[in-house]
There are 2 protein chains.
Amino acid sequence: MIAKKMQKYVEGSSVTRAMFEEGKRLAGIYGAENVYDFSLGNPSVEPPKAVKESMIDVLEHVHPNKVHGYMNNAGYEEVREAIAQSLNRKFDTHFDQKNIIMTVGAAGGLNVALKTIIDPGDEVIAFAPYFGEYNNYVANFDGVMVAISPSIPDFQPNLEELKTKITAKTKAVIVNTPNNPTGVIYSEETIQKLADILREKEKEFGTAIYLIADEPYRELAYDGADVPYLTKYYEDTIVGYSYSKSLSLPGERIGYLVIPNEVDDFENVVNAATIATRILGFVNAPSLQQLAVAKCLDQTTDIAIYDENRKLLYNKLKELGFTCAKPEGAFYMWVKSLEEDDSAFVAKAKEFNLLLVPGSAFMCPGYVRIAYCVDKSMIEHSFAAFEKLAESYAEKR
Amino acid sequence: MIAKKMQKYVEGSSVTRAMFEEGKRLAGIYGAENVYDFSLGNPSVEPPKAVKESMIDVLEHVHPNKVHGYMNNAGYEEVREAIAQSLNRKFDTHFDQKNIIMTVGAAGGLNVALKTIIDPGDEVIAFAPYFGEYNNYVANFDGVMVAISPSIPDFQPNLEELKTKITAKTKAVIVNTPNNPTGVIYSEETIQKLADILREKEKEFGTAIYLIADEPYRELAYDGADVPYLTKYYEDTIVGYSYSKSLSLPGERIGYLVIPNEVDDFENVVNAATIATRILGFVNAPSLQQLAVAKCLDQTTDIAIYDENRKLLYNKLKELGFTCAKPEGAFYMWVKSLEEDDSAFVAKAKEFNLLLVPGSAFMCPGYVRIAYCVDKSMIEHSFAAFEKLAESYAEKR
C-alpha cells in the first residue's frame, strides 16, 4: 500500500496522464504535424554552442575524479565564486561563494529553501496564478499554502489582499517573475511596494518573512524589459535560479540558491540549506553540469526565437478577439477562456487539436496557458485551429 | 529563523565540520601527505574510459534538446528498458522499462521510495550498523526509525531481534549489502531467512512490508563473492541502485529504483514513485548521465585496485592485533575500537594523523569505519601511525 498522503496525487495524475495519452491518440489519428501541443514548458531553442563545448572541454581536460566526484554539498567553491561574481557584475550586488548553494534545478532549490525555513503549520503565500507545484513543495514540509487572488487584468501581484493575508505564521512569500503562467514581469514599483509591506509586517509581528524569488525565466525578458533583482529591494530575499530555460538544460537539473548576507539568521540559513541539500537526497547538484555552466555564465539561448513566436502568436490571438495578458517575458501566453469553465474550454480546444493547460492548474480558473516554446511552424499551422475555436464560441452567442 | 526541525541538524553539523577543519589543520601543520584521511567514501579509482567516451558520444551525436531536455519524470524509456534488460541478463529477472525509475543517485531513490510508502508514524527498520543518513531520510517523511542491534562478530542482520521489532506499523525494512560501514555481504541463507520472517509477519499483521535494498556497492564484491539479488527472494522488494561507486560517478547523482511487478500495490507504487520524483523537486535524474550510463551497463571501475587496498590494510591491521569484520565488499573496514568510547578512540587516532569515523555515526558504538577507497601509497604510509595507535593502547594495559 502506498502512503495515504500520496493517494490524492496518484488519483490526480491520472487526469494529466489522460491528457497526455489523448495528445498521443490525436497525433496517431491526424498526424503529429496536425496536433498543436502548447501544453509543455520544454524549451525548443537549442542550448548555446558554448554549453556543448564547455562540457567536452571539462571532460577532456579536468581529472575525472574531480569532474564526477563528491564535493561540498553546496557545490564546488570555484563554481559558486564564479556565479557570485557574475551576479555582482550584472546586478551590482556583493555576493561571494558563501552566498551561493548549487541545486538540482530550481525545483530542487525551492525544496531546499522550504525545508530550511518551514515547520509544520507555517504559512507560505503565493500570488495566483502561480505554478501549481508550489502547493506540493510546501506540502512536502507540512506548510500551509495561502493563495492571493489574481489582479485582473494586469496580473501584477494583488498587494492589497497580501496585506490582509499575512499573519504571525507567514514564513515565506514566493514570487515568480517573469511569471509562469502569465508571462508578466513584476514592475519595480510593484516590488518596492511588496518590500514595504513585508518589512512593515515583519515589524508588526516581530517575525522574519522570507521572500523567495523563483527565477528560472529571468533571462527571458523581451523588448528590453527590466527584471528587478529582488535582493536589492528586500533584505530577507532568497533567490532560486535554474539554467533550465536560459541555457535550455531542463533535463540536467542544474541551478542555484542565492542567500545574501543580509538575510535574517544568515549563518543558520546557509548551514541548514547545505544540510537540507544533503538530507533531502539531492546530496549535491550534478557535478559535470556545475563545472560546465560556470564556463557559460554570460551565455543564453537565442531568446530572439521565442520573441518572434511571442509576437506572432500574440498578434494573431488579438486579431481573433482573444483577451491576453501582456506577454513581457518567459514563454507563456495567458489567455481568457471563452467560457467560464476553463476545463470545458480546454476540452473544446482539443476538438481542434489544440492542447492547452487550464488556468485551474495555476489556481486561477477562467484562463488557459499557451506555451510558445515550440517550433514557429507549429504556431503558424495552428492559426486555423485557433480561428475555428474562436468561431465555435461566436456561433454560440 | 530557520525551521525548528533543522536546528538539531545545524548543531550536529558543527561537529562534523570541526572534524573536517581539524583534518585541514593537520594537513597544514604536517603536510597533506602525512595526514591519513580514511573518513570519506569518495571513490579514488577513475571511472572506466567508456564513461567519458559515452558522454562525448552523446554530446556529439544526439540532438541537444533531446540530451538536455525534459523527459518522462521516470526517465528516458529506452534507458530504462536497457537497464531492465541488463538486469535480466545478469540476474535472470523479468523486468522491463516500467519496473525502472531513474533517480538522482541512491539517496534520491531512497527518498522517493520512502515518500511513496511512508505516512507519519509508520515504522522503518534498519540493522545496525547502518548508514546514518537513513535516519534523516525516514525523518523527512515523519516515519519512525527502528534500529536492530548488531550481530557481533559476523555483522549479518540480527534476525532474532527483527522478529520482535516488527509491528503492524512496520512499513519497510532497509538492507544494504555489501554493507556500509562493515564491508560484510549478507549471505543467501540470511536473505532467505529474512524473507521468511517478513512473509510470516505480513501474514500475521495483514500488512505489506517493503524490503528496500540499498545497493550502491553491489559490484564491489571481492574473492568472487555472490551478492544475492533480493527481488528473487522476497516479492515486496524495492531496489535502490546508484552508479556512484560502480562507475565512480558520485557527483553526477545518477541511479535508479527497481519496482518489480510482484510488489504489493504495484501500479500505485510505480505511479506514486514517479510523482514523488517530481514533487520532491528532483523532477528527473540528470539527462546526459542517463543516456551515458545506458551505454556503460556492463562496465565497472577497476575493482582490483580496491581489492588490493583491502588485502593490504586488512592483513596489516590483523598483524597489529586489531579486530576487523571480514571485509567482503564495498570499500570499508569495520574495526573494533581499542577503548569502549569510539569517539575517544577516533580522537586518539587523530593524534597520529589518522582520520576515522566513529561507529556511533552508524548506530553502533565501540567500532570505527576505515574507508580504503584511497591511494595505495596512503595506506602504506599510514602503517606506522596504526602501529603507534595500537602501541599507545598496549602501554595502557
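So that the names make sense, note that chain A is the first sequence line, chain B the second, and so on, each numbered from 1. Keep in mind that the numbers below use all heavy atoms, side chains included, and drop hydrogens, waters and symmetry copies.
By number of non-hydrogen pairs under 4.5 angstrom with chain A, the leading residue of Val104(B), Ile56(B), Asn140(B) is Asn140(B). By number of non-hydrogen pairs under 4.5 angstrom with chain B, the leading residue of Gln290(A), His63(A), Gln289(A), Glu267(A) is His63(A). Of the listed residues Ala273(A), Ala272(A), Ala139(A), the one with more heavy-atom pairs under 4.5 angstrom with chain B than any other is Ala272(A). Among the candidates Pro64(B), Ala3(B), Ala208(B), the residue making the largest number of heavy-atom pairs closer than 4.5 Å to chain A is Ala3(B). Top candidate by heavy-atom pairs under 4.5 Å with chain B, chosen from Asn65(A), Asp265(A), Asp264(A), is Asn65(A). Among the candidates Pro120(A), Pro250(A), Gly108(A), Pro286(A), the residue making the largest number of heavy-atom pairs closer than 4.5 Å to chain B is Pro250(A). Looking only at heavy-atom pairs under 4.5 Å with chain B, the residue among Val269(A), Asp119(A), Asn136(A) that has the most is Asp119(A). Listed options Val51(A), Ile279(A), Ile117(A) were ranked by heavy-atom pairs under 4.5 angstrom with chain B; first place goes to Ile279(A).
When heavy atoms are compared at a cutoff of 4.5 Å, Ile118(A) approaches chain B solely by way of its backbone atoms N, CA, C and O. For a residue to count as touching a neighbouring chain, one of its non-hydrogen atoms must lie under 4.5 Å from one of that chain's; by this rule Met1(A) touches chain B with backbone and side chain alike. In this structure, the portion of Val45(B) lying under 4.5 Å from any heavy atom of chain A is its backbone and not its side chain. Both the backbone and the side chain of Leu280(A) come within contact range of chain B, with heavy atoms under 4.5 Å apart. When heavy atoms are compared at a cutoff of 4.5 Å, Val112(A) does not approach chain B at all. Neither the backbone nor the side chain of Thr103(A) comes within contact range of chain B; no heavy atoms are under 4.5 Å apart. Only the side chain of Tyr210(A) comes within contact range of chain B, with at least one heavy atom under 4.5 Å from a heavy atom of that chain. Looking at Glu133(B), the atoms closer than 4.5 Å to chain A (heavy atoms on both sides) all sit in the side chain, from C-beta outward.
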Next item on the list: Would you sort out whether Ser287(A) and Glu252(B) count as a side chain to side chain donor-acceptor pair (under 3.5 Å), showing the intermediate values?
Entry: CA-CA 5 Å; Ser287(A) 50; Glu252(B) 301 297 354; 3.1 Å; yes

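When side chains are defined from C-beta on, Thr116(A) does not count as touching Ile238(A), because their heavy atoms never get closer than 4.5 Å. For the pair Val374(B) and Asn42(B), the minimum side-chain heavy-atom distance is 4.5 Å or more. Residues Pro43(A) and Thr301(A) are not in side-chain contact: their nearest non-hydrogen atoms beyond the backbone lie 4.5 Å or more apart. A 4.5 Å side-chain heavy-atom check between Ser246(A) and Tyr241(A) finds at least one atom pair inside the cut-off. Side-chain contact between Phe282(A) and Asn111(B): absent, with no pair of heavy atoms (C-beta onward) separated by less than 4.5 Å.
Between Phe131(A) and Tyr134(A), the two ring planes are perpendicular [angle over 60°; tilted spans 30° to 60°].
Considering Lys115(B), Lys171(B), Lys5(B) as possible partners of Asp142(B), the one that fulfils the salt bridge (Lys or Arg N to Asp or Glu O under 4.0 Å) test is Lys5(B).
Salt bridge present: Lys66(A) and Glu78(A) bring a charged side-chain N and a carboxylate O closer than 4.0 Å. Ionic pairing of Lys52(B) and Glu60(A) is present here: one or more N-O contacts between side-chain nitrogen and carboxylate oxygen are shorter than 4.0 angstrom.
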